[in-house]
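Notes for the one structure printed next.
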Amino acid sequence: MADQVRVFAPAKINLFLHAGDKRADGYHALQSLVVFTDVGDALTLDHDAALTLTIEGPFAQGLAGEADNLILKAARALSKTARMTLTKNLPVASGIGGGSADAAAALRGLAKLHGMDTAGLQETAAMLGSDVPVCVASRSAWMEGRGEVVTPVPAPRLAMVLVNPGVAVPTAGVFRALESRRGTGMALPAGFDSGQGLLDFLKRMSNDLEAPARAIQPVIGEVLQALSGAGLARMSGSGATCFGVFDDDAQAVAAARDIARAHPAWWVQSARTLQ
Ligand code: C5P
């Protein structure tokens, strides 16, 4: 049993996201290539007889009105207690898995704090949300089913800029407005041996949720325009956060500085993907 546990909850990026039909359970079939970044939230866990959560950090306010955080649901699902502190660095309801990444971090952190077997975590993760299973490993993966079928796929490191225009986009509403779908019939790629190979693959893919998200929040079009200097610019998840892929870290840092200067109210962050 560990004394104190600190876990990182990296931002999740859907490099592409194709949707299929709506299933009998109301969820849509998906196919997505997911990577994680060195930008994320942080969770600290200490032993305590009670279950508590304190939220601090730049986006803590965004969660203030939320009656039941997914982190607390994760702890209850495991029947474990802890005194937890979340540093909320990622914008809320923004398509980069903030809540799901935090819930996955809580599962990992509680398992470590209490010396639990991690074998059953994926099943609990799937109960908490479609994106939570992929966030448990937080490594590049091919995602299918409604999100719970996760296959690790090696992906080269990418230099990125993440941009969120400060509007929350509810995932369910975006799926409800979904009309055009690319389907989920693609075969699992063996892997990508270079950044360029990965970009060439991604240029043929899209995010099916971009059109419905833009219909709800047209500012997403402005965000993609601001990222037009990138080798590839796409929306992640159900938005509104978009990412641009750059040749190297220096170019990503310079682009982030320029976009932040032009749009001071936006959240703009250079990042690199984890391997
Ligand atoms: O699983 P999660 O709680 O993240 O999903 C939020 C909502 O997004 C669901 O209630 C559903 O309306 C929609 N969704 C979907 N298909 C998916 C994932 C989510 O329709 N694969």
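Residue numbers start at 1 and run along the sequence shown.
Taking the side chain to side chain donor-acceptor pair (under 3.5 Å) definition, one finds that D21 meets it with nothing, sequence neighbours left out. Not counting sequence neighbours, the partners of A213 by the side-chain contact (heavy atoms from CB on, under 4.5 Å) test are V174, I220, M235.
With hydrogens and angles disregarded, a donor-acceptor distance shorter than 3.5 Å links the side chain of S236 to the backbone of N14. Between the N89 side chain and the P58 main chain, no donor and acceptor come within less than 3.5 Å of each other. No donor-acceptor pair closer than 3.5 Å links the side chain of T171 to the backbone N or O of S238. With hydrogens and angles ignored, the 3.5 Å screen pairs no side-chain donor or acceptor of T241 with any backbone N or O of N164. Without hydrogens or angle criteria, H18 side chain to R181 main chain gives no donor-acceptor distance under 3.5 Å. In this structure, T37 contributes its side chain and V39 its backbone to a donor-acceptor pair below 3.5 Å. Counting only distance, with no hydrogens or angles, the side chain of D208 and the backbone of A19 share a donor-acceptor pair below 3.5 Å. In terms of modelled atom types and a separation under 3.5 Å, the side chain of Q31 and the main chain of M186 share a donor-acceptor contact. Side chain of R234 to main chain of M205: a donor-acceptor pair is present (N/O by atom type, distance under 3.5 Å, no hydrogens or angles).
The ring-ring contact (aromatic ring centres under 6.0 Å, His included) analysis of residues 123-179, with sequence neighbours excluded, yields the pairs F16-W142, H28-F175.
A continuous path of Ile, Leu, Val, Met, Phe, Trp and Tyr side chains, each step under 4.5 Å between heavy atoms, connects L274 with V150, placing both in one hydrophobic cluster.
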